[in-house]
J.: 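Have a look at this one.
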Protein chains: 2
Amino acid sequence: MTDNLQIKMDDFLPLRDVVFNTLRQAILTGDLKPGERLMEIHLADKLGVSRTPIREAIRKLELEGLVIMIPRRGAEVAQITEKSMNDVLEVRQSLDALCVELACDRITEEELENLKRACVGFELAVKTKDTKKIAQADVALHDIILKATGNDRLISLVNNLAEQMYRYRFEYIKDATQHDMLVEEHRQIYESIVKKDRDAASKAAWTHIENQKKAIIHQIRLDQENK
Amino acid sequence: MTDNLQIKMDDFLPLRDVVFNTLRQAILTGDLKPGERLMEIHLADKLGVSRTPIREAIRKLELEGLVIMIPRRGAEVAQITEKSMNDVLEVRQSLDALCVELACDRITEEELENLKRACVGFELAVKTKDTKKIAQADVALHDIILKATGNDRLISLVNNLAEQMYRYRFEYIKDATQHDMLVEEHRQIYESIVKKDRDAASKAAWTHIENQKKAIIHQIRLDQENK
DNA sequence: GAAGTGTTTTTTGTATACACGATATATATA
DNA sequence: TATATATATCGTGTATACAAAAAACACTTC
């Protein structure tokens, strides 16, 4: 851990949730590196709380698969391997396809309007070449589709899986050569949903993730070599 | 809570995991009923442990969605609604389809042999009309397919989703009119995997869950009326 | 009798204490 | 020097203590 791991106070959330979010974010952004041990007293001191909320946060991270427990040795940040990321992406591919299929059936006129705006918004964001803006526009677009599925379980699962690739997604979006393709992919997904063409939508979503899969796996291999 | 909620000691697992499994089982089997509050001291006394392991177990149940937290009021068993079960089943449908597709690509000769045996085993179990045996044979069969996907994340997600329907699955299997259909569905899935026909396998798996969906939703509506 | 208010009880949220296992360190012995 | 053994240290696992919020209750007042 390089750093300052600052706790962001929120008077209404219990400490355990604040700690959970803090640690989660630190792991996903790479602030806490794979293999790094999470020592309770150390974290407690750093975050200015007692061990209790730290431990409860770790239990949740454990179930999410972000840390692994070694008996009588405590938690450490889970390793990200090519295999594990591929596993996640395979599942995401399937679930994202389901998302757009359900969206075809259930999206409202209003949501469709929003989706259109989000597509345009993404295109504009791409033109600015501002990575952060692009990422935001991308999330906004995907959130509209997710919401349109009306399936809460699906929403939380997809969000969770998406977060697992947080680190790599950013690298992916930074790569400007992909931008036009992304715009096109989004357009195809949008068009299919407008036409309520489940098959086309499903295929488009699948391809969309397939390309991310390739890029991310590529990135992981690079990381592996530079180690 | 009707009952005796006995803790099953396992000297090697930390208490929090034993408690987690105990509570989880109690919720899934309906021993702890939806809406019921999980009070820490009460559970601690009942299970003969302190509040600490109870709380840590609850944190995991919370993330799994089996309990919901009300701030400063603690945890209660999550309600099972028709909507929530439908959400789960929609996702499962998609993931089960993915499972058989991946199995088509990756299953080994040996696993294929086991799958064949499991199919026959299921058919035999059906003939005995022993619900417990049928359920076991069913799980065994599905486990082989799951394993054959080689995707650990997928395996844990599907297992988790499957457990959410534990209560209803049993009712479903008890219904003898479904038995022949189940055998036939399994046969179709098996045949498709043998032929490495991803499309057919995917469709068969989809139908398999679709039928369960109908049965379970039907059951939930019955439960609703009798309340 | 209803509404509001103060008090008690219950239960969570958080901190801390203690026990024990695991690891590392030092010392002794061959 | 290498190995074995004793000992100290560190960190988790579990229990308990204390504070504060919420709920329940009783009491007063209108």
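These numbers were taken from a predicted model, which means no experiment stands behind them. Chain letters run A, B, ... following the sequence lines, proteins first and then strands; every chain starts at 1.
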J.: Could you state the atom-to-atom distance from CD of E76(B) to P of dT12(C) in whole Å?
T.: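 To the nearest whole Å, that distance equals 12 Å.
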J.: In terms of relative ring orientation, are H142(A) and H186(A) parallel, tilted or perpendicular, with 30° and 60° separating the classes?
T.: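 H142(A) vs H186(A) ring planes: perpendicular.
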J.: Can you tell if the side chain of Q212(A) reaches within under 4.5 Å of the side chain of M165(A), non-hydrogen atoms only?
T.: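 Of all side-chain heavy-atom pairs linking M165(A) with Q212(A), at least one is under 4.5 Å.
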J.: Report, one pair per line, the protein and nucleotides 5-10 of chain C atoms (nitrogen or oxygen only) whose separation is under 3.5 Å.
T.:
none

J.: Go through N114(A) and R117(A) one step at a time and tell me if the side chain to side chain donor-acceptor pair (under 3.5 Å) criterion holds.
T.: CA-CA 5 Å; N114(A) 290 338; R117(A) 263 197 291 278; 2.8 Å; yes
J.: Over all heavy atoms of both residues, which pair between R106(B) and T149(B) is shortest? Give the atoms and the distance, please.
T.: NH1-O, 2.8 Å
J.: Just the rounded figure in Å: distance from C1' of dT14(D) to CD of E56(B).
T.: 9 Å
J.: Answer with base, sugar-phosphate or nothing: what part of the nucleic acid does L38(A) contact at a heavy-atom distance below 4.0 Å?
T.: sugar-phosphate
J.: If a protein heavy atom is under 4.0 Å from the base, mark B; if only from the sugar-phosphate, S; if neither, -; do that for nucleotides 15-22 of chain C going 5' to 3'.
T.: BBB--BSS
J.: Is Q93(A) reaching over with its side chain to a backbone N or O of I209(A), donor-acceptor style, under 3.5 angstrom?
T.: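 A pair under 3.5 Å: no.
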J.: What is the distance, to the nearest angstrom, from the NE2 atom on H42(A) to the C1' atom on dC10(D)?
T.: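 These atoms are roughly 14 Å apart.
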J.: Over how many whole Å does the gap from L43(B) atom CG to dT12(C) atom C1' extend?
T.: 13 Å
J.: In whole Å, what is the span from the CD1 atom of I70(B) to the C1' atom of dG13(C)?
T.: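 The distance from CD1 of I70(B) to C1' of dG13(C) comes to 16 Å, rounded to the nearest Å.
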J.: With a 4.5 Å limit on heavy-atom distance, are the side chains of R24(A) and L61(A) in contact?
T.: yes
J.: For dT7(C), give its Watson-Crick or G-U wobble partner with both distances under 3.5 Å, or none.
T.: dA24(D)
J.: Check the distance between dG13(D)'s P and I54(A)'s CD1 and give it to me in whole angstrom.
T.: 14 Å
J.: Between E111(B) and T108(B), is there a donor-acceptor pair closer than 3.5 Å when you use the side chain of the first and the backbone of the second?
T.: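 Such a contact is found between E111(B) side chain and T108(B) backbone.
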J.: Nearest whole angstrom, please: distance from the C1' of dT14(D) to the CG of D45(B).
T.: 15 Å
J.: Applying ring-ring contact (aromatic ring centres under 6.0 Å, His included), can you list everything that pairs with F20(A), at least two apart in sequence or on another chain?
T.: none
J.: In this structure, how many angstroms lie between the P atom of dG13(D) and the CD1 atom of I58(A), rounded?
T.: 9 Å
J.: Look at all strands and tell whether R16(A) reaches a base, only sugar-phosphate, or nothing, counting heavy atoms closer than 4.0 Å.
T.: sugar-phosphate
J.: Is any side-chain heavy atom of L95(B) less than 4.5 Å from a side-chain heavy atom of R92(B)?
T.: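 Contact flag for L95(B)/R92(B) side chains = no.
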